[in-house]
Novice: 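Below is a structure I'd like to ask you about.
Excluded from the calculations below are hydrogen atoms, water molecules and symmetry mates; all remaining heavy atoms, backbone and side chain alike, are included. Labels below follow one simple rule: chain letters A, B, ... track the order of the sequence lines, proteins then strands, and each chain is numbered from 1.
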Protein chains: 2
Amino acid sequence: MSDKDTAAAANGKKTEIRLAAERRILDAAEKVFAERGFGGASMQQIADRAELPKANLHYYFSTKEALYRQVVERILTIWLDAADSLDVTEDPATALASYIDTKMEVSRKHPAGSKVWAAEVMHGAPVIQVYLETTLREWMAGREYIVRRWIDDGLIVPIEPRYLFYMIWATTQHYADFAHQINVLNDGAPMSDDDWLAAKRDVVAVILRGVGVIPPRVE
Amino acid sequence: MSDKDTAAAANGKKTEIRLAAERRILDAAEKVFAERGFGGASMQQIADRAELPKANLHYYFSTKEALYRQVVERILTIWLDAADSLDVTEDPATALASYIDTKMEVSRKHPAGSKVWAAEVMHGAPVIQVYLETTLREWMAGREYIVRRWIDDGLIVPIEPRYLFYMIWATTQHYADFAHQINVLNDGAPMSDDDWLAAKRDVVAVILRGVGVIPPRVE
DNA sequence: GGCAATCTTGACCGAATGGTCAAGTCATAC
DNA sequence: GTATGACTTGACCATTCGGTCAAGATTGCC
């Protein structure tokens, strides 16, 4: 073994323990932040949820703010992946249906992350401000261009593109952020697989018909 | 003056001072809770915002929880008024367009209240749980019945009514809860009157066309 | 086995927070 | 004018919270 290999191996081993602990803590923190908000969450609650002593959290994350920032940044990667799923090479119906499907799946699989994200934006985006001003702005500019071309080509009805995206974001994220209310209206039970299918179907149908393309038949 | 009049007058005077102070505090609390969340808001911050000594807050509201509860209950009345604005005696296009308009105006005029409401639901509705289980459930049952009749009468396309309402709630409330993000994407400026008009127009258009009714011409 | 680096953890600390209180001010009724 | 009740407020208290630390356990490498 060369020095490089040894260093790499040692690093790898350490990284494994470290990564496992960090992930355990981040998972716990994401849930507690989602349930209580940043101010309402205590390091002790996060430690209890992670089944680790509180001092151990501070060994991996220097401060509560640093921990929160990493939670948000981890969610950001999921958001970016979903944003990429809007395939502009497809026709409007296919592209939008697939994008809505992806966003609904994100809400379904990352309800805590979605809540943290919503709270982050509601409170003025202290962590993701730069992302909003750079990546998201550019993403929106690019997609507005595409949607306008769809309009010019007569593929969809005239609409201000950003308001269409707000509808899609709001509706899909609602299923995570307001899950509690949805569950109450669902007789107190979480949405079943069939419920999710039906919700996706109806959301896609309203949006596609709403922008003037015939939704694909899903009898 | 009779005893009743005297008592009423005295009561009235007191109530006036009391109501003014309570309103001042509730307004400040709503904003601070919206900006920082319940856990992140301190009584001192609310006191500063209301330009009153902290001890004065505790004279009118015994605890932080009690103050928060009254903030939420005040928002609830606004929510109930908006819910009433869905006029089921009208045809679907008129009823839905008017309801969306009302909900958009609520988001525009009560952005802080909307954020507090969203956080309340996200965190499991500690205060409004009973409202969700009674009033809202009944409201939804009644409206589902109406929407189903619209469907049976061939006035709108088949859809699970609650998913339609989720779309309307999510989209309209998004303009308050995610106003920060919207402003960033609007070159950092708050939406103008024209922006609000355009947003309303596009939301109404997508929903109405989405459920299969021709949106009224708004050239 | 022994060394070095990483990891673990109970005990502790200063600051901030929700809440209390008693002394005082102010308005009103007679 | 003076007694009564409502309102105001600076000082204070107990608790909680984020964060520190030093002593010890564990791991990996020679």
Novice: Whole Å only: how far is the CD1 atom of A:I17 from the P atom of C:dC7?
Specialist: 6 Å
Novice: Can you pull the salt bridge (Lys or Arg N to Asp or Glu O under 4.0 Å) pairs that have at least one residue in residues 32-47 of chain A, sequence neighbours excluded?
Specialist: A:E35-A:R49
Novice: If you restrict it to nitrogen or oxygen atoms, what contacts under 3.5 Å exist between nucleotides 23-26 of chain C and the protein, and what is each distance?
Specialist:
none

Novice: So A:F165 and A:Y99, would you call those rings parallel, tilted or perpendicular, with 30° and 60° as cut-offs?
Specialist: perpendicular
Novice: If you compare every side-chain N and O of A:R18 against the phosphate oxygens of C:dT6 (OP1, OP2), does one of them come in below 4.0 Å?
Specialist: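 Result: no.
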Novice: Would you mind reading off the distance between A:E16 atom CD and D:dT26 atom C1', rounded to a whole angstrom?
Specialist: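 The distance from CD of A:E16 to C1' of D:dT26 comes to 16 Å, rounded to the nearest Å.
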Novice: Measure from CG on A:N56 to P on D:dT26 and round the result to the nearest Å.
Specialist: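 Going from A:N56 (CG) to D:dT26 (P), I get 14 Å.
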Novice: Among residues at least two apart in sequence or on other chains, which ones pass salt bridge (charged side-chain N to carboxylate O under 4.0 Å, His left out) with A:E120?
Specialist: none
Novice: Could you state the CG-C1' distance from B:L19 to D:dA6, rounded to the nearest angstrom?
Specialist: 14 Å
Novice: Excluding sequence neighbours, so at least two apart, what forms salt bridge (charged side-chain N to carboxylate O under 4.0 Å, His left out) with B:K200?
Specialist: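 Partners of B:K200 by the salt bridge (charged side-chain N to carboxylate O under 4.0 Å, His left out) criterion, ordered by chain and then number, come out as B:D101, B:E105.
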Novice: Looking at residues at least two apart in the chain, or sitting in another chain, which of them share a salt bridge (charged side-chain N to carboxylate O under 4.0 Å, His left out) with B:D193?
Specialist: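 B:D193 satisfies salt bridge (charged side-chain N to carboxylate O under 4.0 Å, His left out) with B:R108 once adjacent residues are dropped.
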Novice: Quickly work out the B:R24 CZ to D:dC7 P distance and round it to whole Å.
Specialist: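 Rounded to the whole Å, the gap is 16 Å.
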Novice: Hey, what are the protein-to-nucleotides 16-20 of chain D N/O distances that come in under 3.5 Å?
Specialist:
unit_1: D:dG18; atom_1: OP1; unit_2: A:A41; atom_2: O; d: 3.2
unit_1: D:dG18; atom_1: OP1; unit_2: A:K64; atom_2: NZ; d: 3.1
unit_1: D:dG18; atom_1: OP2; unit_2: A:M43; atom_2: N; d: 2.9
unit_1: D:dG18; atom_1: N7; unit_2: A:K54; atom_2: NZ; d: 3.1
unit_1: D:dG19; atom_1: OP2; unit_2: A:K64; atom_2: N; d: 2.6
unit_1: D:dG19; atom_1: N7; unit_2: A:K54; atom_2: NZ; d: 3.0
unit_1: D:dG19; atom_1: O6; unit_2: A:K54; atom_2: NZ; d: 2.6

Novice: Not counting sequence neighbours, which residues clear salt bridge (charged side-chain N to carboxylate O under 4.0 Å, His left out) with A:E22? List them please.
Specialist: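 A:E22: salt bridge (charged side-chain N to carboxylate O under 4.0 Å, His left out) contacts with A:R18.
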Novice: With A:T135, which residues qualify under side-chain hydrogen bond (donor to acceptor under 3.5 Å, both in side chains), at least two apart?
Specialist: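 With sequence neighbours excluded, A:T135 shows a side-chain hydrogen bond (donor to acceptor under 3.5 Å, both in side chains) to no residue whatsoever.
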Novice: For A:S85, enumerate each residue passing the side-chain hydrogen bond (donor to acceptor under 3.5 Å, both in side chains) test, keeping only those at least two apart in sequence or located in another chain.
Specialist: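 With sequence neighbours excluded, A:S85 shows a side-chain hydrogen bond (donor to acceptor under 3.5 Å, both in side chains) to A:T102, given in chain and number order.
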Novice: When you check the phosphate oxygens OP1 and OP2 of D:dT8, does a side-chain N or O of B:Y59 lie under 4.0 Å from one of them?
Specialist: no
